[in-house]
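Lettering follows sequence order; numbering is per chain, from 1. Worth knowing before you read on, the calculation uses all heavy atoms, side chains too, and leaves out hydrogens, waters and symmetry mates.
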Amino acid sequence: MGQVYIEELSQHEGQEVTIKGWVYNRRSSGKIHFILVRDGTGIVQGVMVKKEVSPEIFQLAKELTQESSIIVKGIVRSDERAPGGYELTLTHLELVQMAEEYPITPKEHGIEFLMDHRHLWLRSRRQHAILRIRSEIIKSIRDFFDDRGFVMVDAPLLTPAACEGTTTLFETDYFDEKAFLAQSGQLYMEAAAMACGKVYCFGPTFRAEKSKTRRHLMEFWMVEPEVAYADHEDNMRLQEDLVGYVVQRVLEKHRPELDVLERDISRLETVVPPFPRITYDEAIQRLQKAGVDIKWGADFGGGDETILAEQFDRPVFVEKYPVQVKAFYMKPDPERPEVVLCDDLLAPEGYGEIIGGSQRIDDLGLLKQRMQEHDLPDEVYAWYMDLRRYGSVPHSGFGLGLERTVAWICGLPHIRETIPFPRLINRLYP
RNA sequence: UCCUCGGUAGCUCAAUGGUAGAGCACCCGGCUGUUAACCGGGUGGUUGUUGGUUCGAGUCCAACCCGGGGAGCCA
């Protein structure tokens, strides 16, 4: 039989199969070797008994080092003692490469050491589980929008200026002209929505802020849908449908990985729309009641978000923030011009804001006024204002931070484990 | 940028101002059911850097470098 993957072993009970992989760990008892083989889909224990194989193969098994690449043949046998339910009785062993002394041992390590060896750390059970769940989350996001008739439109990564003008951007040279790494694709999605109706972009974004917290990366991935003729209410319904769908997909397909991460599943099972909604005004009242010293007009800190989120069993919307704490393009509430038609979606358990969205200003005059108030240069945004000149319509959209969503669903204490090669304030390697 | 904690063997950590140690990894030996296997032996150190106090500094003092945790900003 040809190559079989470890996750498919249950379909081959009693058969001899070939597994191509790496040595995860090895134990020996003199005349019997236990070799844990990893192949990217799982881990299985191979049992090699001295009298059942040639002396050369038995000696080779004895010399195997951690992470050596090997091809083994063995008979699949169900065994109560095996963590995955199955074992291999080994019949053949072929060495592909004998690994040098592996830096990451089965014992514990510090975070700096692990981050320096991120390229190898990815092979561990835990990181492997996170990578697979991240992959599923990305796929479920794309399926959600594709199934609803959205067109995926890519936004540029090299841009002439800031999107919102607030955060610090990475600067680069563009043939003797200044260019910046994009911090959002949103403005471009507004243009695309006027062309295709329902659109989204999904790609990396960059922030040069010197943030040093468990919630920030310099380079992170964001999905940004934008819908023509959608208002604030439509926008929030789309958001809760998306988040509910993603969580249920992960629960459905990746229980084993969530188990590896020791995730409390019950905290995810409640994540079904509709999500609770509170206004900014109510959020301020709730915080004041909880003893926080905060006044109307201030933005929330990470601790404030946690206090609010803990009061609900699923993600909670906070809507209609004061104009002054939000971006220039957000549409004022016609009934209360001091607040805008926006919402933040706060994840439970202290994972913070995973979505920020709003209805956009569709009136040219008001947009011009806001840009002047924010000191934004007309030249750079001329094209953006054109969208309000030629068939302007009400429209809304939002941005969902992929890594914060992965951290929340996986129950990770720090965002640095949610992306294969994190870019942090002091880390550009590997 | 600010606050706070830390830096000792490849890794994780001990060590009253008085001879630098353990576990893991690695090497040698033992073991037919191990689950981070276990048992015996061995290799491995400019204690982050520079300067100071002292008869004597891993330990006390100063500056700097690097990292962890948190704040601000945000997704």
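Counting any heavy atom pair closer than 4.0 Å across all strands shown, A:Gly301 reaches sugar-phosphate atoms only and no base atom. Note on A:His216: a base of the nucleic acid sits closer than 4.0 angstrom, heavy atoms only. Looking at heavy-atom distances under 4.0 Å, A:Glu87 makes contact with a base. At the heavy-atom level, A:Thr405 lies nowhere under 4.0 Å from the strands shown. Across all strands, A:Lys50 comes closer than 4.0 Å to no nucleic acid atom at all (heavy-atom distances). Nucleic acid contact class of A:Arg416 (heavy atoms, under 4.0 Å, all strands): sugar-phosphate only. If you check every strand for non-hydrogen atoms under 4.0 Å, A:Gly303 touches nothing. As judged by a 4.0 angstrom heavy-atom cut-off over every strand, A:Phe113 is placed among residues touching the sugar-phosphate backbone only. Within 4.0 Å of A:Gln45, counting heavy atoms only, lies at least one base atom of the nucleic acid. Heavy atoms of A:Asn25 sit under 4.0 angstrom from primed sugar atoms or phosphate atoms, though from no base atom. Among the protein residues, A:His117 comes within range of no part of the nucleic acid, since none of its heavy atoms lies under 4.0 Å from any strand.
Nearest approach of A:His254 to A:Ile133, heavy atoms of both residues: CB-CG1, 4.1 Å. Considering all non-hydrogen atoms of both residues, A:Pro276 and A:Pro315 come closest at CD-O, 3.3 Å. Residues A:Asp39 and A:Ile19 share a closest heavy-atom pair of CB-CG2, 4.2 Å.
Put simply, NZ on A:Lys212 is 9 Å from P on B:G67, counting in whole angstrom units. Atom P of nucleotide B:C73 and atom CD of A:Glu305 are separated by 10 Å, given to the nearest angstrom. When rounded to the nearest whole Å, the span between CZ of A:Arg27 and C1' of B:C24 equals 15 Å.
For the P atoms, the distance from B:U8 to B:U4 is 22 Å, rounded to whole Å. Of the C1' atoms belonging to B:C2 and B:U43, the separation is 46 Å, rounded to the nearest Å. Comparing B:U53 with B:A57, their P atoms sit 11 Å apart, to the nearest whole Å. Nucleotides B:A9 and B:G44 place their P atoms 15 Å apart, quoted to the nearest Å. Comparing the P positions of B:A22 and B:G42 gives a spacing of 10 Å, expressed to the nearest Å. On the P atoms, B:G33 is 45 Å away from B:G68, given to the nearest whole Å. The P atoms of B:U49 and B:C11 are separated by 14 Å, rounded to the nearest whole Å. B:G45 and B:G10 have their C1' atoms separated by 12 Å, given to the nearest Å.
Taking the charged nitrogens against the carboxylate oxygens, A:Asp281 and A:Arg286 have no contact shorter than 4.0 Å, which rules out a salt bridge. Here A:Glu349 does not pair with A:Arg314 in a salt bridge; the nearest charged N to carboxylate O distance is not below 4.0 Å. Ion pairing between a basic and an acidic side chain is recognised when a charged N comes within 4.0 Å of a carboxylate O; A:Arg249 and A:Glu136 show such pairing. Between A:Arg215 and A:Glu305 there is no salt bridge, since none of the side-chain N atoms of the basic residue sits less than 4.0 Å from a carboxylate O of the acidic one. Ion pairing between a basic and an acidic side chain is recognised when a charged N comes within 4.0 Å of a carboxylate O; A:Arg126 and A:Glu262 show no such pairing.
For RNA chain B, the stems formed by at least three consecutive Watson-Crick or G-U pairs, with both atom-pair distances below 3.5 Å, span B:1-7 with B:65-71, B:10-13 with B:21-24, B:26-30 with B:38-42, B:48-52 with B:60-64.
Checking B:C74, B:U32, B:U1 against every side-chain atom of A:Lys210, the shortest atom distance belongs to B:U1. In the set B:A75, B:C24, B:U32, B:U32 carries the atom at the smallest distance from any side-chain atom of A:Lys31.
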(request) Start with the C-alpha gap between A:Tyr384 and A:Tyr188, add the side-chain angles, then the distance that decides, and say whether ring-ring contact (aromatic ring centres under 6.0 Å, His included) holds. (result) CA-CA 8 Å; A:Tyr384 186 64; A:Tyr188 296 98; 9.1 Å; no

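Evaluation of atom-type donor-acceptor distances gives no pair under 3.5 Å for the side chain of A:Thr105 against the base of B:C24.
Ring stacking is absent between A:Phe34 and B:G33, as the pair misses the limits of under 5.5 Å between centres and under 30 degrees between planes.
Mapping A:Gly30 and A:Ile355 onto RNA chain B by nearest heavy atom places A:Gly30 at the nucleotide closer to the 5' end. Comparing A:Ala82 and A:Thr213 by the nucleotide of RNA chain B whose heavy atom lies nearest to each, the residue mapping closer to the 5' end is A:Ala82.
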